[in-house]
Amino acid sequence: MRKKIVAGNWKMNLDYNEGLALFSEITNMIKDEITGAQEAVVCSPFIHLHSLVQMAKGYSKVSVGAQNAHQAESGAYTGEISAKMIKSVGATYVILGHSERRQYFGETNELLAKKTDTALANGLKPIFCIGETLAERDAEIHFGVIKDQLKDGVFHLDAAQFAQLVIAYEPVWAIGTGLTATAPQAQEIHAFIRAEIAAKYGQQLADDTTILYGGSCNAKNAPELFSEKDIDGGLIGGASLKSRDFVDILKVFNSK
């Protein structure tokens, strides 16, 4: 049985005290309301990581992650954060390849392959993001785009390494736009991703891989999305900044 995960991506939001207050609300709600085996992952700005890890102690259903990591172990990279630094404060996950990193910072599949290697070498679990733009979907090349993102970004890993990953499918055209892929659209891509993993690593590893949907997922559309057989949770942006909304998404798995 593959893990069900709802990961919150706070992006560049919340000052230090605001972040701690939100996390406190989330953890208390999870303690009171979450009855299943699902896991919440909160990916905060770097300034919050150490404190959130300390606050999460004793909450078995809550993990903490970063939103990015540099590909080098260390060095003269002013303003960057290494995977070792993230791991040293106790965080366990890191988002890699988010569409905003690809778009605004020019991150390529090849660069992300290096980041993935470094994250894994330092004991972090990458949430590896893939997905197509609206132009790529309209041109009907989205399957090829996603296949290349997998092949060039993570398919160089051996099976044991790949087993540490969470894959997040995020249709770029649905991020922050209010648009959402329909459940059948999302399921089609998730099934395609799982088939590609099976072709590379075998059906068992494919069946064990958690694949999240990220693209304006909220408490209203999560039940329909999460009912699809290949959608194992969500990578949540805006809704993760509201404790009630985030925990309501997580609660979708209470009965599953």
Side-chain angles (χ1 to χ4, degrees), residues 2-3 5 7 9 43 67-68 93-117 119-120 125-159 161-177 179-217 221 224-226 228-237:
R2 57 183 174 261
K3 184 177 290 187
I5 294 174
N9 176 15
C43 297
Q67 299 173 16
N68 184 40
Y93 286 87
V94 60
I95 298 172
L96 295 178
H98 191 280
S99 61
E100 291 159 2
R101 297 293 311 179
R102 293 175 185 265
Q103 178 182 357
Y104 302 141
F105 300 96
E107 294 191 354
T108 63
N109 295 332
E110 292 73 21
L111 173 65
L112 292 168
K114 295 176 182 177
K115 289 194 173 195
T116 300
D117 290 345
L120 289 170
K125 300 175 183 178
I127 300 174
F128 191 84
C129 301
I130 57 178
E132 81 281 6
T133 64
L134 183 58
E136 290 164 342
R137 177 166 277 269
D138 287 345
E140 299 183 351
I141 61 172
H142 48 296
F143 289 112
V145 168
I146 291 166
K147 186 172 184 175
D148 286 344
Q149 289 171 337
L150 288 168
K151 177 175 64 71
D152 297 337
V154 293
F155 275 3
H156 65 287
L157 302 172
D158 63 32
Q161 292 173 316
F162 189 88
Q164 301 301 308
L165 301 185
V166 172
I167 302 297
Y169 166 63
E170 43 169 21
V172 180
W173 47 272
I175 297 174
T177 63
L179 298 174
T180 307
T182 65
Q185 283 178 323
Q187 166 59 24
E188 179 185 38
I189 299 295
H190 280 239
F192 173 77
I193 293 167
R194 205 173 301 282
E196 290 296 309
I197 297 170
K200 174 67 177 180
Y201 295 105
Q203 192 63 52
Q204 185 60 60
L205 183 50
D207 288 342
D208 290 343
T209 300
T210 296
I211 306 176
L212 308 181
Y213 171 78
S216 296
C217 183
N221 57 37
E224 183 180 10
L225 287 163
F226 295 177
E228 297 290 346
K229 66 177 183 178
D230 288 301
I231 300 178
D232 305 313
L235 178 59
I236 313 301

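Both backbone and side-chain heavy atoms feed into the values below; hydrogens, waters and symmetry mates do not.
At least one side-chain heavy atom of His156 sits less than 4.5 Å from a side-chain heavy atom of Asp117. By the 4.5 Å heavy-atom criterion applied to side chains, Glu132 and Trp173 are counted as neighbours. Proximity of Tyr201 to Thr209: side-chain heavy atoms (C-beta onward) are nowhere separated by under 4.5 Å. Residues Ile231 and Tyr169 are not in side-chain contact: their nearest non-hydrogen atoms beyond the backbone lie 4.5 Å or more apart. A heavy-atom distance below 4.5 Å is not found between the side chains of Lys200 and Leu150.
Applying the side chain to side chain donor-acceptor pair (under 3.5 Å) test between Arg2 and each of Thr210, Asp208, Asp232, Asp207 identifies Asp232 as the sole match.
No donor-acceptor pair closer than 3.5 Å links the side chain of Asp230 to the backbone N or O of Ile193. Listed for the Gln161 side chain is a donor-acceptor partner under 3.5 Å among the backbone atoms of Asp158.
In this structure, Tyr213 and His190 have tilted ring planes: the angle between them lies in the 30° to 60° band.
Taken to the nearest 0.5 Å, the CD1 atom of Ile127 stands 6.5 Å off from the CG atom of Leu212. The distance from atom CD1 of Ile130 to atom OG of Ser99, rounded to the nearest 0.5 Å, is 12.0 Å. Of the inter-residue distances, the one linking Arg102 atom CZ with Glu170 atom CD reads 8.0 Å to the nearest 0.5 angstrom. Of the inter-residue distances, the one linking Tyr104 atom OH with His98 atom NE2 reads 9.5 Å to the nearest 0.5 angstrom. A distance of 13.5 Å separates CG of Leu235 from CD1 of Ile211, quoted to the nearest 0.5 Å. Between the CZ atom in Phe155 and the CD1 atom in Ile197 there is a gap of 5.5 Å [rounded to 0.5 Å].
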Please test Phe105 against Leu111 for side-chain contact (heavy atoms from CB on, under 4.5 Å), starting from the C-alpha separation and ending with a verdict.
-> CA-CA 11 Å; Phe105 300 96; Leu111 173 65; over 6 Å; no

Could you please spell out the steps behind the side-chain contact (heavy atoms from CB on, under 4.5 Å) verdict for Glu196 and Phe143?
-> CA-CA 10 Å; Glu196 290 296 309; Phe143 289 112; over 6 Å; no

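No donor-acceptor contact under 3.5 angstrom links the side chains of Gln149 and Asn109, judged on distance only. With no hydrogens or angles considered, a side-chain donor-acceptor pair links Lys115 and Asn68 at under 3.5 Å.
In plain terms, the two heavy atoms of Ala183 and Glu224 that are nearest each other are CB-CG, 3.6 Å. Of all non-hydrogen atoms in Asn221 and Ser216, the two that sit nearest each other are ND2-O, 3.1 Å. Of all heavy-atom pairs between Pro126 and Thr116, the closest is CG-CG2, 4.3 Å. Closest non-hydrogen pair, Pro171 versus Ala181, comes out as CG-CB, 4.4 Å. The two residues Lys125 and Gln164 come nearest to each other via the heavy atoms CB-O, 3.7 Å. Between Leu96 and Ala119, the closest heavy-atom pair is CD1-CB, 4.2 Å.
By the 6.0 Å contact criterion, CD on Glu140 is open, its count of non-hydrogen atoms from other residues, nucleotides or ligands being 12 or less.
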